[in-house]
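Taking it in order: structure first as structure tokens, then the write-up.
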Amino acid sequence: MDYRTYGVRDMATGAPMTKDTIFRDYSMTKPVTGVAMMILYEEGKWLPYRSDCEIHSGIAHLKVFNGVDADGKMILSIRTTRRQCAN
């Protein structure tokens, strides 16, 4: 992992980037995730046809928030994977 800083955080003043600099990433989630998936695919660590449970067995019975009932209590449901786990 590379934990160095590069560039400037303020073009006007030339202030250098620091490790604790906070900046806006806007709508970069999909491109960053896509690049990460391609890197993992190239390394053989992620394959699109494998089920989520083959990658990590701990998510086989993961419950996720699915709203609230009339009493205001959370409704949890079993997470549906891309392919159902063969457990």
Side-chain angles (χ1 to χ4, degrees):
M1 178 177 285
D2 188 2
Y3 193 59
R4 292 178 285 178
T5 59
Y6 301 91
V8 295
R9 65 178 176 198
D10 188 340
M11 297 287 286
T13 65
M17 189 74 68
T18 59
K19 292 180 181 178
D20 62 346
T21 300
I22 298 173
F23 54 94
R24 295 180 188 259
D25 207 11
Y26 294 101
S27 297
M28 294 302 296
T29 304
K30 289 178 185 174
V32 169
T33 302
V35 170
M37 290 174 70
M38 288 186 279
I39 291 169
L40 291 172
Y41 178 78
E42 288 176 345
E43 294 175 354
K45 295 178 181 175
W46 175 80
L47 299 171
Y49 54 83
R50 289 178 60 192
S51 74
D52 297 341
C53 298
E54 289 178 69
I55 297 167
H56 190 284
S57 62
I59 62 172
H61 303 289
L62 180 68
K63 291 187 177 182
V64 295
F65 178 75
N66 198 20
V68 293
D69 63 14
D71 297 326
K73 294 182 181 177
M74 288 192 302
I75 300 171
L76 300 176
S77 59
I78 300 282
R79 179 179 179 272
T80 304
T81 58
R82 284 182 283 119
R83 287 187 338 185
Q84 292 299 321
C85 300
N87 290 347

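Owing to the predicted nature of the structure, the values given are computational and were not obtained by experimental measurement.
- Residues satisfying the side-chain hydrogen bond (donor to acceptor under 3.5 Å, both in side chains) criterion with Thr5, sequence neighbours excluded, are absent altogether.
- If you take CZ on Arg9 and CD1 on Ile22, they are separated by 11.0 Å, rounding to the nearest 0.5 Å.
- Listed by chain and number, the hydrophobic cluster partners of Val35 are Met38, Ile39, where partners are ILVMFWY side chains within reach of under 4.5 Å, directly or through others.
- Rounded to the nearest 0.5 Å, atoms CG (Leu76) and CZ (Phe65) are 8.0 Å apart.
- Following chains of ILVMFWY side-chain contacts shorter than 4.5 Å, one cannot reach Met74 starting from Val64, and the two form parts of different hydrophobic clusters.
- Smallest separation of non-hydrogen atoms from Met17 and Tyr6: CB-O, 3.4 Å.
- Note on residues 10-20: no pairs pass salt bridge (Lys or Arg N to Asp or Glu O under 4.0 Å), not counting sequence neighbours.
- Using modelled atom types, no side-chain atom of Thr33 and backbone atom of Lys30 make a donor-acceptor pair closer than 3.5 Å.
- For Asp71, the side-chain hydrogen bond (donor to acceptor under 3.5 Å, both in side chains) criterion is met by no residue, not counting sequence neighbours.
- By the 4.5 Å side-chain criterion applied to Ile, Leu, Val, Met, Phe, Trp and Tyr, Met28 is assigned to a cluster that also includes Val32.
- Within the structure, the salt bridge (Lys or Arg N to Asp or Glu O under 4.0 Å) test picks out the following pairs touching residues 34-44 (sequence neighbours left out): Glu43-Lys45.
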